[in-house]
Every structure is written in structure tokens, then in C-alpha cells.
Amino acid sequence: MGAALRSMYANSKYEEVREEWEEDYSPQRFSYKALYKATKGFKESELLGTEANGTVYRGKLSSNAHIAVKRVALDAEQDTKHLVSQIVGIGKLRHKNLVQLLGYCRRKGELLLVYDYMPYGNLDDFLFNEEKPKLSWSQRFHIIKGVASALLYLHEQIFLHRDVKAANVLLDEDLNGRLDFGLAMFGTNRNPMLGSVGYVAPELIITGMPTTKADVYSFGALLLEFACGRMFIEHPGKPEEFNLISWVCQCSKRGNLVGARDARLEGDYVSKEIEMVLKLGLLCVQYNPEDRPSMAQVVSYLEGKDVLPEMPPDTPGISIPTPYHEVLA
Ligand SMILES: Nc1ncnc2c1ncn2[C@@H]1O[C@H](COP(=O)(O)OP(=O)(O)OP(=O)(O)O)[C@@H](O)[C@H]1O
């Protein structure tokens, strides 16, 4: 018989594709009808955002559970069997700082991913949008520790995230940071190995091979963004401020590392913690992957279980490759 293709509700607005090999995945399978109803027919008013990779809607299931549904176009040559087994595998991961992937649905040329709904959206908005209420230092520190422990958990489960960035950190109702699974984690055709601009470890551009240390690099960029309240790479600006590595090293050389912090924090911060986050950020974005700490070490530093090594700003490797490192000389 082979993998018979079944088209449910053929020719109706609820039409979807199911194949025999998906039988084992039925607990993770959502019907299109249920998702259609949950999102009020994918109504404009329920739209959370449209990104290059797809469109996300908020929804409410008949069980009253709040969900987010990501609609993604599938390439014809995509290995759907492999993709679905990855989704199911990722859906089995459990950590309080991960956005739970609840399941999926499949239509002709389209995949729908179902996640827990995060009411406060993503961190990108909170850190870089002046119009959003600012996050206090203690909220930021709590969020970053949560994200670090989620990334450590992924590495322990032999998963790579591949796209750690502020836009992939969502906030739940208690303002816990939850790491979202971007499409990069599935290694889909339209978002291949490389993560997002600015967060990509330098070696990844050459090798194209994602590693735990490349995840650590992206996490380091995120740490610097948390403390400085600015994007890792920002343009235009003074050359020495163009990249947060240069900016933080400049402040450190002037003997005022904490001066690199987000001005919006005003007096609300703990000097020792900001200093540690900035130094740890620099340690994670080192040029040589082997010099970067593992996520287990990162978590130990953040939890105060380990003390960071002394690291003057002119330590080899703590800067960006030419030509920008000349700015730091
Ligand atoms: N589970 C969720 N709960 C609430 N909002 C969400 C959820 N997932 C995504 N969003 C919001 O939907 C919008 C689009 O999200 P999406 O994940 O597609 O963006 P992205 O992170 O740029 O894409 P990708 O990670 O696939 O590269 C964003 O504003 C995001 O905050």
C-alpha cells in the first residue's frame, strides 16, 4: 500500500494532508478545522506578525488553551517526513524556559506549527523599542538566566538552537524568558544553517556548520544587548559604537565598563551584575570558538556559582576581526 495520501475534507475550506506514516504522530497532530476555529478563520485581528518565514496568529482552542499558530510555506522538494519527525522530537522537549511546541498540521504546500501563546510577545520590542515600557534590571537578569538554562538544556539533549536572538525570546505571563524555536532549528530550505545577521558566529560564515559554540556566540551577543539596551550591530553610529563589542571594550578601556549599560536603566541596576553580564558577553563572543565557555559554564557564572576569569579588554580574541579592531587600538 505504501504511504497513502489522504486528503481530509477534500475540496472544503478545512482540507488538509495526512499520510499513513503520520499515524504515530496523531497526539501531536492538530486538525486544520480546530486551528481555523481557534484563530477565527485566521482573521486579520488575530495576526501577531508576518516575518520572512511565515505568519503567526493567536488563537484559543475549544479547551480554552491559548495558542500561537505559525503558517509556513513548504517547498515542493522539502523532505516532509524528516521535517515532521523533527517537529515531533522538538515537541517532546520540556523546559520552563522554552516555548512549548504543541504540535502541527499539514496542508498542501503548507505547514502549521502550534505553540503555547506568550502574552508579552518578544524581547526585541522591549529592549529596542523606546515606546514599550522598559524592563528593570532585575527583570532582565531573571530573563537572561532563564534563557541560559533553556539553551543549556537544549545542548544537553543534543539539540542546537541555531538562531538565538532577542526576537526569539518570548515573555510569558510572569515575565519569564522563553526561548522560541525559530525555523532555523528545523534546518528548513528557506532558513538554512546560518541564524540571523549580527548574531552569527564568524566561523559559521566559513564552515556553515552550526555548533554549540556558535549558539554560545549568539547568546553572548544577546547578553550584551540585555545590558546595553541596544542592538548588537547598529548603524549609523560612531565607528567605535557600531558594534557592541567595540562599544563595551571602549568603555572598559576608559575604566568605566558599567558605563556601557542601557541609559534607560537610570539608577536601577546592580553594578556587580551588569559588570558580570558585560564581561561574560565578551567572553562568549570571542573570535575563537574554543575560547568561548560552554553553556554549562555560562549558567554557573550567571548563577554566581563560579567567578569569571579576569579579562582585560585588550585580551587577544576579545574584539572583532579587522578592520574594526583597529578602532580599538
Ligand atoms: N508563541 C508565541 N506567542 C506569542 N507571540 C508569538 C509567538 N510566536 C511568535 N510570536 C510573535 O509573532 C511574530 C512573528 O514571529 P516569528 O517567530 O515568525 O518571527 P521570527 O522570530 O522573526 O521568525 P523566525 O524565528 O522563524 O526566524 C513576532 O512578533 C513574535 O513575537
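For ligands, and for the atoms within them, numbers begin at 1 and follow the listed sequence.
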Using a plain distance cutoff, I'd like to know if [X] has any nitrogen or oxygen under 3.5 Å from a nitrogen or oxygen of ligand 1.
X      : answer
Gly121 : no
Asn168 : yes
Asn122 : yes

Check: Tyr14 ring centroid to Tyr36 ring centroid under 6.0 Å: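 Yes, they do, as the ring centres are separated by less than 6.0 Å.
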Aromatic ring proximity Tyr32/Phe42, centre distance under 6.0 Å: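 Here the rings of Phe42 and Tyr32 have centres that are less than 6.0 Å from each other.
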If the cut-off is 4.0 Å to any non-hydrogen atom of [X], which atoms of ligand 1 fall inside it?
X      : value
Ala68  : 1 (N), 2 (C), 3 (N), 7 (C)
Tyr117 : 3 (N), 4 (C)
Lys70  : 16 (P), 17 (O), 18 (O), 26 (O)

All N/O donor-acceptor pairs, side-chain side in residues 122-129, below 3.5 Å, sequence neighbours left out:
residue : atom : partner : partner atom : Å
Asn122  : OD1  : Asp124  : N            : 3.0
Asn122  : OD1  : Asp125  : N            : 3.3
Asn129  : OD1  : Glu131  : N            : 2.9

Salt bridge between [X] and [Y], side-chain N to carboxylate O under 4.0 Å?
X      : Y      : answer
Asp268 : Lys134 : no
Arg140 : Glu273 : no
Glu19  : Arg106 : yes

Under 4.0 Å, heavy-atom basis, I'd like to know which part of [X] is in contact with ligand 1: side chain, backbone, both or neither.
X      : answer
Val56  : side chain
Arg58  : neither
Asp116 : backbone
Asp180 : side chain

From Leu179, Leu152, Val298, residue fulfilling side chain to side chain contact (heavy atoms under 4.5 Å, CB included) relative to Phe219: Val298
